[in-house]
Protein chains: 2
Amino acid sequence: MTVKVDHEERRRQIAEALLRIADTEGLQSASMRAVAAEAGVSLRLVQYYFTTKEGLLLDALARLGAQLQARMERWIGEARAPREVVTAILSCILPTDAESRRITRTYAAYYTLVLGDTAVLAKQAAQPPAVLEGFLAKQLRAAQEAGRIDARRDVGTAAAGLLAMVNGLGSSVLGGQRDGEEALAILTYHLDELFRTP
Amino acid sequence: MTVKVDHEERRRQIAEALLRIADTEGLQSASMRAVAAEAGVSLRLVQYYFTTKEGLLLDALARLGAQLQARMERWIGEARAPREVVTAILSCILPTDAESRRITRTYAAYYTLVLGDTAVLAKQAAQPPAVLEGFLAKQLRAAQEAGRIDARRDVGTAAAGLLAMVNGLGSSVLGGQRDGEEALAILTYHLDELFRTP
DNA sequence: ACAGGCATGATACGGGTGTACCAGGAGAAG
DNA sequence: CTTCTCCTGGTACACCCGTATCATGCCTGT
């Protein structure tokens, strides 16, 4: 049997339509019909590739995660010193450019969904932050052993705090209380404090 | 003309039913009918007191804000030294006890709503954080002038960062990645760092 | 060439949503 | 006692949702 059309390509096209809607209008506006219209296909097709809506939501979330990871690897790739890696990890999540604003907004759209859901979706979204925190802590420890961070600092706790702060800063930017630039400035200030050796 | 029933009391009763649902099942489950059932009144009554759903949502949000403010004033009231005030401000937002978990969860339920909304609701929710940040900065400045914080610190930026961090920590607790206790420990660690004098 | 199955389109179904409408009860004012 | 206004209940309307069903096209392996 041969595939007339590229299945994966179709799935991608539809899932990205979902993400586009989630970004611009929020997930509550992302009905099956709306996604179909946005993707330029029939409603039946959306049902065909993702049997249920939950399936579509899950698949799109996985793609969003992949996009974020790709972006992060791109940012980290340009970094050399440990501190630059740390800055890359944290600032690439901040909604400073169009891409990160889109990703952050879409993640925020999912946020409420995963809260009221004890099911798999919660587990799906709870893993990335944990491994990210571990990675960040490892980088901080490296910087600490290189003497760029005070040896008395608890880098694990610092990593958790920084990640939470970036998350909160992102929310404030999305809420319109702050500029992306301002958020970045606040982050840089705290990194300066952390990387201060006595 | 006399009021057969206390209007304000009825409004409160209905609005709190909405908040209860938003807390336990999320705002998307808070239909007019569900709110009516939860409050033990007829659907028509909900319509009568809050003509439209947006009105109900707005009123309930205002009440939630008042609850949070009351809680904060209660916590601040027990504080004496400037550092205790700072700790009170920040930790009272963290979902550590039942009340704050309820408030935080309900706020989170509103979060997505205000994002996809350019209208009044966004303005309604954007003000409190700003004044809170100003207040926190003022407390930090006081502590700084009292010599408890290094004079070279930028307390304004520190306040913004701390608030964002608490916000992010709250999200992580709600997401189930962390315990309320752990979040509090992370916050305390960073406060210790901030209040370290050379 | 032709049969089989994958891919797609149109439409139906049951349910839930916010809001609007109509009717009646109860108390105060005349 | 009547009348009028405030309050409350029941119910209808139009719409949108996710999913299921039926029908048909078209490619492909033999």
Side-chain angles (χ1 to χ4, degrees), chain A residues 1-22 24-61 109-110 112-114 116-117 119-121, chain B residues 1-22 24-61 109-110 112-114 116-117 119-121:
Chain A
M1 111 188 175
T2 341
V3 275
K4 256 194 294 196
V5 308
D6 190 347
H7 267 211
E8 166 53 24
E9 171 58 21
R10 272 261 200 257
R11 287 176 69 93
R12 195 191 60 81
Q13 173 186 356
I14 295 175
E16 294 212 333
L18 183 275
L19 291 181
R20 225 172 304 138
I21 294 181
T24 56
E25 310 176 52
L27 265 187
Q28 73 279 29
S29 302
S31 67
M32 292 266 137
R33 288 166 173 85
V35 171
E38 172 73 28
V41 300
S42 76
L43 167 61
R44 179 66 181 83
L45 220 70
V46 181
Q47 285 190 257
Y48 183 76
Y49 287 105
F50 311 90
T51 323
T52 174
K53 183 176 188 179
E54 189 185 355
L56 171 56
L57 283 172
L58 242 55
D59 186 89
L61 179 57
Y110 268 97
T112 320
L113 204 62
V114 37
D117 210 334
V120 278
L121 209 146
Chain B
M1 111 187 175
T2 341
V3 273
K4 260 193 289 197
V5 308
D6 189 347
H7 267 211
E8 166 54 25
E9 171 58 20
R10 271 259 202 260
R11 288 176 68 94
R12 194 190 61 81
Q13 173 186 356
I14 295 176
E16 294 211 334
L18 183 275
L19 292 181
R20 226 172 303 138
I21 295 181
T24 57
E25 310 177 51
L27 265 186
Q28 74 279 30
S29 303
S31 67
M32 292 264 128
R33 287 167 175 82
V35 171
E38 172 73 27
V41 300
S42 76
L43 167 62
R44 181 63 180 83
L45 219 69
V46 180
Q47 285 189 257
Y48 183 75
Y49 287 105
F50 311 90
T51 322
T52 173
K53 183 174 188 181
E54 188 186 354
L56 171 57
L57 248 32
L58 242 55
D59 185 90
L61 179 58
Y110 268 98
T112 319
L113 204 61
V114 34
D117 209 334
V120 278
L121 209 144

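Throughout, protein chains are lettered first and strands after them, A, B, ... in sequence-line order, and every chain is numbered starting at 1.
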Whole angstrom value for the distance that separates [atom2] of [N] from [atom1] of [X]:
| X | N | atom1 | atom2 | result |
| --- | --- | --- | --- | --- |
| E54(B) | dG18(C) | CD | C1' | 13 Å |
| Q28(B) | dT17(C) | CD | C1' | 14 Å |
| R44(B) | dG25(C) | CZ | C1' | 14 Å |
| L45(B) | dG10(D) | CG | C1' | 13 Å |
| Y49(A) | dT19(D) | OH | C1' | 19 Å |
| F50(A) | dT19(D) | CZ | C1' | 16 Å |
| Q47(B) | dC22(C) | CD | C1' | 13 Å |
| L27(B) | dT17(C) | CG | C1' | 15 Å |

Checklist line | Residue T52(A), side-chain atoms from C-beta onward, closest of dC7(D), dT19(D), dC21(C) | finding: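 Of all the options, the side chain of T52(A) is nearest to dT19(D).
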
Margin query: Before you tell me yes or no, could you show the steps for Y110(B) and L57(B) under side-chain contact (heavy atoms from CB on, under 4.5 Å), namely the whole-Å CA-CA distance, both residues' side-chain angles and the distance that decides it to 0.1 Å?
Written below: CA-CA 9 Å; Y110(B) 268 98; L57(B) 248 32; 4.2 Å; yes

Once you round to the nearest 0.5 Å, how far does [atom1] of [X] lie from [atom2] of [Y]?
| X | Y | atom1 | atom2 | value |
| --- | --- | --- | --- | --- |
| K53(B) | L56(B) | NZ | CG | 8.0 Å |
| D59(A) | I14(A) | CG | CD1 | 9.5 Å |
| F50(A) | L45(A) | CZ | CG | 10.0 Å |
| E16(B) | R12(B) | CD | CZ | 4.5 Å |
| Y49(B) | E8(B) | OH | CD | 11.0 Å |

Note to self: Between H7(A) and dA7(C), is there a contact of a side-chain N or O with OP1 or OP2 at under 4.0 Å?
What the structure shows: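 Affirmative; the distance criterion is met.
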
Checklist line | Residue-phosphate contact under 4.0 Å: Y48(B) side-chain N/O, dT8(D) OP1/OP2 | finding: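 Checking dT8(D) against Y48(B), no side-chain N or O comes under 4.0 Å of OP1 or OP2.
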
Protein-nucleic acid N or O pairs under 3.5 Å, nucleotides 12-17 of chain D:
unit_1, atom_1, unit_2, atom_2, d
dC17(D), OP1, S31(A), OG, 2.9

Notebook entry, point to check: Does R10(A) make a side-chain donor-acceptor contact with the base of dT8(C), cut-off 3.5 Å?
Noted result: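 No pair found.
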
Note to self: Tell me if a side-chain donor or acceptor on E38(B) pairs with a main-chain N or O of L18(B) at a distance below 3.5 Å.
What the structure shows: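 Side chain of E38(B) to backbone of L18(B): no pair is present.
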
